[in-house]
Amino acid sequence: MRLSSRAATLLAVAVLPLALSACSSDSSSGTGASAEPAKAKNPNAGLLTGTQLKKALAPASAFPAGFTLEADGVSDSGGKFLAPSSRKTAKPDCTRLEGTSWIQVTGFEGGVAFAQDDYVNQDKTEEVAQEVDAFQGTTAKTVMKQMQSVAAECATFTDTDTHAKVKVKGASTAGFGDEAYTMTLTSGAWETGTTLIAARSGNHVVTVLSTAGGDDGAAAAKKVTTRILGSLKGKSAA
């Protein structure tokens, strides 16, 4: 429905200049052709669609041995852009840091385009999830800024499954895209921690979650993030 509504708005904008041109032509006094109306800037210019972002996701070979694609975790926004959503300013739901699409903890539902999938080991005790979102204007930078606020507000929270205390440590991370932020989640009730990496490449934000391996999922998260950023390089809007 949002797409239909947006399409109707764009159609109305396109019809208006034609009506103005016709009116100008009828009332012309022979002083020369009227100036053409300025073209509205496309807010999605330079952004990748969900179909394109899907191709930028890391392939199966980038994940640890024995990990397979979780069919239920595959999703993208297709070839059309979604209507942008405003950020929810309420206190972040820290439990979102435990699952896929954890970018929503920043208050943003996601970008105007996205693609994501999820890989798990045979026992489904470890996972590595990846997502890429495209944002209009300076929103991608705002999303990254919110990551730091989330790390501070969610320094400790209660796990929804074990009801155990979870500690969150966050830090800016060099070497990933235009800017990056890493959060590490640990709990005495968990066998291993979780590493979350958010990295911006132009107007696109990569978010990766990993619980794979004995290093709180860090190595796997870095490998997948690097692979996605490599695919986005040269394709993102600055």
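Being a predicted model, the structure only gives us computed values, none of them experimental.
Gln136 and Asn203 form no side-chain donor-acceptor contact under 3.5 Å, judged by distance and modelled atom types alone. A side-chain donor from one of Thr173 and Thr182 sits under 3.5 Å from a side-chain acceptor of the other.
Summarising the geometry of Ala140 relative to Gly202, their closest heavy-atom pair is CB-O, 4.0 Å, with the distance given to 0.1 Å. Residue Val105 comes nearest to Cys94 through the heavy atom pair CG2-CA, 4.3 Å, listed as atom of the first residue, atom of the second, then distance. Considering every non-hydrogen atom in both Ser210 and Ala212, the closest pair reads OG-N, 3.3 Å. Among all heavy-atom pairs drawn from Ala113 and Ser77, the shortest one is CA-OG, 3.2 Å. Minimum interatomic distance between Thr100 and Ala129 (heavy atoms only, all atoms of both residues): CG2-CB, 3.4 Å. What you find for Tyr181 and Ala151 is that their closest heavy atoms are OH-CB, 3.5 Å.
Proximity of a side-chain donor or acceptor of Thr139 to a complementary backbone N or O of Phe135 within less than 3.5 Å is not detected. Side-chain atoms of Ser187 never come within 3.5 Å of backbone atoms of Asp159 as a donor-acceptor pair (strictly under, hydrogens ignored). In this structure a side-chain-to-backbone donor-acceptor pair under 3.5 Å is present from Asp76 to Gly78.
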Only pairs under 3.5 Å count here: list side-chain donor-acceptor contacts from residues 58-66, not counting sequence neighbours, and write none if there are none.
none

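Side-chain contact between Val150 and Leu97 is present, with heavy atoms from C-beta onward closer than 4.5 Å. Considering only heavy atoms from C-beta on, Val166 stays 4.5 Å or farther from Thr186 through its side chain. Between Thr49 and Lys80 the shortest side-chain heavy-atom distance does not fall below 4.5 Å. The shortest side-chain heavy-atom distance between Lys141 and Arg200 falls under the 4.5 Å cut-off. You'll find the side chain of Leu69 reaches within 4.5 Å of the side chain of Val74, heavy atoms only. Side-chain contact between Leu185 and Trp190 is present, with heavy atoms from C-beta onward closer than 4.5 Å. Side-chain contact check for Val128 versus Leu209: every heavy-atom pair is 4.5 Å or farther apart. Between Glu98 and Thr160 there is a side-chain heavy-atom pair separated by less than 4.5 Å.
The hydrophobic clustering, which links ILVMFWY residues whose side-chain heavy atoms are closer than 4.5 Å, places Val206 and Met183 apart. Phe108 and Leu48 are members of different hydrophobic clusters when ILVMFWY side chains are connected at heavy-atom separations under 4.5 Å. Residues Val168 and Val143 share a hydrophobic cluster, clusters being chains of Ile/Leu/Val/Met/Phe/Trp/Tyr side chains in contact below 4.5 Å. The hydrophobic cluster containing Leu53 does not contain Ile103, counting ILVMFWY residues as joined when their side-chain heavy atoms lie under 4.5 angstrom apart, directly or transitively. Following chains of ILVMFWY side-chain contacts shorter than 4.5 Å, one cannot reach Val205 starting from Phe114, and the two form parts of different hydrophobic clusters.
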- Message: Assess the residue pair Asp133 and His204 against the criterion (side chain to side chain contact (heavy atoms under 4.5 Å, CB included)); give the C-alpha distance rounded to whole Å, side-chain angles, the decisive distance to 0.1 Å, and a yes or no.
- Response: CA-CA 6 Å; Asp133 288 82; His204 299 86; over 6 Å; no
- Message: I'd like to know whether Leu47 forms a side chain to side chain contact (heavy atoms under 4.5 Å, CB included) with Phe81, so could you lay out the CA-CA distance, the side-chain angles of the two residues, the decisive distance to 0.1 Å, and finally the verdict.
- Response: CA-CA 9 Å; Leu47 299 182; Phe81 290 103; 3.8 Å; yes
- Message: Using side chain to side chain contact (heavy atoms under 4.5 Å, CB included), reason through Val208 and Ile228 one step at a time and then give a plain yes or no.
- Response: CA-CA 10 Å; Val208 174; Ile228 301 172; 4.2 Å; yes
- Message: One pair to check against side chain to side chain contact (heavy atoms under 4.5 Å, CB included): Leu57 and Val132. What are the steps and the verdict?
- Response: CA-CA 8 Å; Leu57 292 175; Val132 191; 3.8 Å; yes
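Remark: Lys145 NZ to Glu179 CD distance equals 9.0 Å, nearest 0.5 Å. Separating the OG1 atom in Thr207 from the CE atom in Met144 is a distance of 10.0 Å, to the nearest 0.5 Å. Taken from OG1 in Thr68 to CG in Asn121, the straight-line distance is 8.5 Å, to the nearest 0.5 Å. Within the model, atoms CD1 of Ile197 and CZ of Phe176 stand 5.0 Å from one another, a figure rounded to the nearest 0.5 Å. A distance of 10.5 Å separates CG of Leu232 from CD of Gln52, quoted to the nearest 0.5 Å. To the nearest 0.5 Å, atoms NZ (Lys54) and OG (Ser75) are separated by 9.0 Å.
When the side-chain hydrogen bond (donor to acceptor under 3.5 Å, both in side chains) test is applied to Ser101, the partners found at least two apart in sequence or on another chain are Gln116, Glu131.
Residue pairs meeting the salt bridge (charged side-chain N to carboxylate O under 4.0 Å, His left out) criterion with at least one member in residues 109-129, sequence neighbours excluded: Glu70-Lys124, Lys88-Glu109.
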